[in-house]
Novice: 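Quick one: structure below, then a few questions.
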Amino acid sequence: MRKEDRSFFMEVAVKEAFKGIQNQNGGPFGAVITHNGKVIAKTHNRVISSKDPTAHAEILAIREASKFLDKFDLSDCEIFSTCEPCPMCLSAILWARIKKLYYGCTRNDAEDIGFDDRVIYEIIDIKKEKKLLKKIMIDRDKCLLPFIEWSKKQNKITY
């Protein structure tokens with residue numbers, strides 16, 4: 001996959017993150033899943049609007065992609081996330097058999113704006129994930145933009 005394609009897919013994820021913030025759906029997170037170089041799922045965090053703590057962008061994108069492809073094995077797909085996935089989302093990505101993850105911001109960036117998964121990372125051992133999933137950080141500056149908007153938002157609901 002060309003670098004331009006990766007940046008385009010990440011831009012779609014960033015737009016989703018902004019959409020989620022603007023619609024009061026949830027935090028500044030967006031995700032896209034591609035199959036054969038085409039977007040088949042794109043969504044954003046909906047924890048607040050759905051009142052569902054599992055409604056993270058990556059989880060919702062996996063659900064969309066599985067429904068679209070009518071299968072649960074997404075090993076022929078790639079996922080683009082505006083942030084390094086939390087442990088729950090990372091687990092879902094591994095369960096879906098996705099082999100390549102592109103992410104923008106780090107878990108430390110998320111922690112800096114109030115999303116702290118540190119305790120979960122300390123409880124579980126995820127050292128073996130590197131054997132199952134290739135993680136590639138791209139376009140951090142672009143992905144930080146929704147984080148900046150979120151941190152300035154006056155009427156946000158923190159969770």
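Everything numeric here is computed off the predicted structure, so don't read it as measured data. Positions are given from 1 along the sequence.
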Novice: Which residues satisfy the side chain to side chain donor-acceptor pair (under 3.5 Å) test with Arg97, sequence neighbours excluded?
Specialist: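 Side chain to side chain donor-acceptor pair (under 3.5 Å) check on Arg97 returns nothing, list empty.
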Novice: Strictly below 4.0 Å, N to O, side chains only: are Glu16 and Lys19 in salt-bridge contact?
Specialist: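 Counted as a salt bridge, because a side-chain N and a carboxylate O are separated by less than 4.0 Å.
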Novice: Does a salt bridge link Arg6 with Glu78, judged by any charged N lying under 4.0 Å from a carboxylate O?
Specialist: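 Not counted as a salt bridge, because no side-chain N and carboxylate O are separated by less than 4.0 Å.
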Novice: Tell me whether Ser151 contacts the main-chain N or O of Ile148 through its side chain, where contact means a donor paired with an acceptor under 3.5 Å.
Specialist: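 Flag set: sc Ser151 to bb Ile148 pair under 3.5 Å.
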Novice: Ser49: which residues meet the side chain to side chain donor-acceptor pair (under 3.5 Å) condition with it, sequence neighbours left out?
Specialist: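 With neighbours one apart ignored, the set is Asn25.
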Novice: Distance from Ile93 atom CD1 to Tyr103 atom OH, nearest 0.5 Å?
Specialist: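 Separation between the atoms: 11.5 Å.
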Novice: If you measure from CG on Leu101 to CG on Leu90, what distance do you get to the nearest 0.5 Å?
Specialist: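 If I round to the nearest 0.5 Å, the distance is 7.5 Å.
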Novice: Checking side-chain polar atoms at under 3.5 Å, does Asn108 have a donor or acceptor matched by the opposite partner on Thr106?
Specialist: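 On atom types as modelled, these side chains do not qualify, holding no pair under 3.5 Å.
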Novice: Angle between ring planes, Phe115 versus Phe29, binned at 30° and 60°: parallel, tilted or perpendicular?
Specialist: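 Ring orientation of Phe115 relative to Phe29: perpendicular.
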Novice: Is atom NZ of Lys15 surrounded by more than 12 heavy atoms (other residues, nucleotides or ligands) closer than 6.0 Å?
Specialist: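 Not more than 12 within 6.0 Å, no.
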Novice: Considering residues at least two apart in sequence or located in another chain, which fulfil the side chain to side chain donor-acceptor pair (under 3.5 Å) criterion with Asp116?
Specialist: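 So Asp116 forms no side chain to side chain donor-acceptor pair (under 3.5 Å) with any residue.
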Novice: Nearest 0.5 Å, what's the CZ-CZ distance between Arg107 and Arg118?
Specialist: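 Reported to 0.5 Å precision, the distance equals 8.5 Å.
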